[in-house]
Amino acid sequence: MTQPQTQPRAYEPAAIELKWQAHWDAAGTHEVRDDLPREQCYYVLEMFPYPSGKLHMGHVRNYSIGDAVARYKRMRGFHVLHPMGWDSFGLPAEQAAIERGAHPRTWTYDNLAYMRGQLKRLGLSYAWSREFATSDPGYAAREQDIFLDLVEKGLVYRKSSLVNWSTGLNTVLANEQVIDGKCWRTGMPVIQKELPQWVMRTTHYAEELLQGTYELKGWPDAVLTQQRNWIGKSLGAEIDFAVEGHAGVKITVFTTRPDTVFGVTFLSIAPEHALLDGLVPTSHRAAVEAFKAETRAVSAHDRTGDTAEKKGVFTGAHVINPVNGERVQLWAANFVVADYGTGAVMAVPAHDTRDFEFARKYGIAIKTVIAPAGGAAAPADAAFTEAGVLVDSGPFTGQDSAAAKTAITAWLQESGTGRQTITWRLRDWGISRQRYWGNPIPFVYGETSGAVPLRKQDLPVTLPDDVTFDGIGNPLEKHPTWATTAADGTPLSVRTAHGPEAARRETDTMDTFMESSWYFARFTCPDFAGPLEQKRVDHWLPVDLYIGGIEHAVLHLLYARFFQKALCDIGYSTVREPFKRLLCQGMVCMETFSRPLADGKKQYFYPDELDIDKDDSGRIGAARLKADGQPVDVGRVEKMSKSKRNTVDPQRLIDTYGADTARLFVLSDVPPELDVQWSENSVRGSNRFLKRVWVLVQANLAALQAATPFAGHAKDLAGADQALVRKVHWAVKRATDALEKDFAFNTAIAACMELTNELKPEALSAPVFALGVTSLLRLLAPLAPHLAHELWAELGNAADITAAGWPAYDATQIDADEAEMPVQVNGKMKGKIVLPRSLAGAALEAAVLAHADVVALIGDRPVRKLVVVPGKIVNLVLG
RNA sequence: GCCCGAGUGGCGGAAUGGCAGACGCAGCGGAUUCAAAAUCCGCCGUUAGAAAUAACUUCGGGGUUCAAGUCCCCGCUCGGGCACCA
């Protein structure tokens, strides 16, 4: 036997991928115009990365999803805006400076350049001309512009308050950045500290932010629920309690249960409450001061967290309940938070679990004023916290809770001792950070004139390069001249009524969540001279599809929604919600391997360091450290992270299998929202599939080049040809539905695999085989773009496969003429019959009943009911 | 404690109320090979059976329906979020 004359070309991903990437780069293939009708445009955006050094698998997944959508939409004829940039201010750069001596700017831009190369190596179809980094002078300068506009509009203000101070970062954190009382980045404790702060007035939009959560139909419920919880709207009443012996002084409480006001037996007040010091008699001063000192010493979390003990001290003062004139004690209590509600709470131990515990502990009276409705028994040794019927409540006795809330609030309102109120959990967003590598806040402080905004023509404030990093305090503050020198090198001054006076710059920089709050708008007009060009912003926003991790549910995604509304109110846009549809992709996970350490923590090991045993089903049974041969603990599958040493470097994946395989793998196993488990076997499966497609085309190249794909109707064919044409239309429908509905790439890929399994050239006519191959390549183009482009070109197509468009399907070509219909008896599967699909109604029922198999199944039993769903099922209900 | 979400073969998962387990992975058998890798073909939920086949099977228990993985109620387990928020 002779060898074939020419071996089919082997699948060498690196070669074809680099070739196409160079082509896309040189041709600017993925740039997009801003002047086309909006309904033909689509804006898809993935959350831009922090340039930490190199891409991780989470990035690969995030960007592969976005790119598949972008390429799919282009094939459907949309003009797609698909930009990418860098969230490049932030702490790791300063950490690197401290640890390695690299300047933050150098470190950041080196990383960014390397990662840009990795993105290009993945073949992601970005409009690279729009790329920017948020630390670029142009972007930072325009953000300073916006900041001044926000100040002018009253949406930024300065206030001195207790702030969350991260002991790890030596900087302030917003509430959202405190997780379980610890810093969201370092996990170090957070303490309370009094500092002057620049603050964004997020609460101005509380109602609109909440309302939006009911209107954003394209967002996952989980995110909307989290935002609602975070905003925390609470409807209730404020009630004023006069303080005995202090004429005109009153303590106002906030309550959601005004129906229980007759049951008040004491008042609890935050230790920091502004009125407290003035009310404490000398006899109690020492005790109260000691208590205040004690609560100040612990973090907010330790003080009010779920394990914290409820503590309080009697202040010596008494207050008067406005509804019944009763005199009750005023207590300071650690669980009352100064900046929620009014910082004071009316305590009703009979009907509030927390007050109940507190009253028990300190021996305070408990007075029942609500009885369970319908005469049920109240709990014997606990607070009854549900709604019920009022007892012992003066004129309101006998009303139910709901009616009494309204009636009592109205009574309070009339008597001037209370009012209906809404309280929010959402606080304003403090954005001052005591850091170098962030955007400077464009303010200066005159010696006597206080905080003065810079004039816009004096912007931008740029960061000095000559700074030292020793990890203690803010480098900007310690710089010898920066804070006191103007851009032209002269001493910094501000004008006052009495002439110029020396001034000092604000040395705090902005929270880096500022930059990520408007980058999606800047992508629409990155070349614009001012901050934002409204015409283009309004053209492209809202982002049609925004893709990122769910960990940003209440941080970035709430700030961005706030910022967009603020941008509207300072005239940069009219689009009030930035993201129409939100897709939160799951994490990339892998097993962990560890050993317990003496201090209760774990020492983690890289898989490379271990010998791993797998059982017959491929599951990991046990693992031993190569170094000592002793076993290690096999942990559960967790999100890949450096600290747990369960990471896979995507670069190795690309180098070994190519970008198309890497992309296909992260899309193929699960739908985008679910966590995906790393599996080298699954990667090899993706690679095997691509190789099969490659070989199928290469081995039949000449025939495919010569053939014209079949363009007729399946009904005019027979046998394998007919079946394959039906399969093509089936696969196209399935892939289209999967992408349109939920971006379910996993099922779209499954449809491609099924189609491939049927593509047997020896059994098919050349035109039908060509139809199958060209359809398959077009379906694969968004998922494995390099392979699809290369094979498409090899088939002799001059135009790009993107231009060929997404294939259309014809529903009439999917089903065969005869339908196989399962037959059930009383709902149980008993067999199958084949009937012409053309039959319907009574004719179909008659044909079913006449079918020999059905006759046999019925036997001599009476047919009580016959259910026939054409093409689907027959159910015989027999007696 | 409150609010979401999810429970389907050995594994990841699929399934407009209509044949549960598509597709992939792993496994088993075979072809090819001196051999291996790669590739190709076949089998592959559980139990009984040589087999045809039968029974069972989508966390557990009820219900609605001709028909339930899917809808409703109760419970269990897991994951996520919120939480002295008055």
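Letters A, B, ... mirror the listed sequences (proteins, then strands); counts begin at 1.
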Do A:Phe266 and A:Phe358 pass the ring pair (Phe, Tyr, Trp, His ring centres under 6.0 Å) test, and can you show the C-alpha distance, the side-chain angles, and the key distance before you say yes or no?
CA-CA 10 Å; A:Phe266 62 102; A:Phe358 195 87; 5.4 Å; yes
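A gap of 28 Å separates the C1' atoms of B:A22 and B:A48, to the nearest Å.
The pairing partner recorded for B:G1 is B:C82, the criterion being a Watson-Crick or G-U wobble arrangement whose two distances lie under 3.5 angstrom. The partner of B:C28 is B:G42, by the rule that a Watson-Crick or G-U pair needs both atom distances under 3.5 Å. Nucleotide B:U47 is matched to B:A54 when pairs are restricted to Watson-Crick or G-U wobble geometry with both distances under 3.5 angstrom. The partner of B:U77 is B:A6, by the rule that a Watson-Crick or G-U pair needs both atom distances under 3.5 Å.
Judged by the 6.0 Å distance and 45° axis criteria, A:Lys727 is positioned over the aromatic ring of A:Trp730. Cation-pi geometry between A:Arg228 and A:Tyr214 is met: under 6.0 angstrom from the ring centre, within 45 degrees of the axis.
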Polar-atom pairs under 3.5 Å, protein N or O versus N or O of nucleotides 42-45 of chain B: list them with distances, or write none.
none

Which protein N or O atoms sit under 3.5 Å from an N or O of nucleotides 18-23 of chain B?
| residue | atom | partner | partner atom | Å |
| --- | --- | --- | --- | --- |
| B:C19 | O2 | A:Lys832 | NZ | 2.5 |
| B:A22 | O2' | A:Glu754 | OE2 | 2.5 |

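The list of ring pair (Phe, Tyr, Trp, His ring centres under 6.0 Å) pairs with a residue in residues 671-692 of chain A, not counting sequence neighbours, reads A:Phe665-A:Trp678.
No more than 12 heavy atoms of other residues, nucleotides or ligands lie within 6.0 Å of CZ in A:Arg864, so this atom counts as exposed by the packing criterion.
A:Asn681 and A:Arg684 share a donor-acceptor pair across their side chains, judged by distance under 3.5 Å alone.
With distances taken from any side-chain atom of A:Phe254 to the nucleotides B:C85, B:A26, B:A86, the minimum falls on B:A86.
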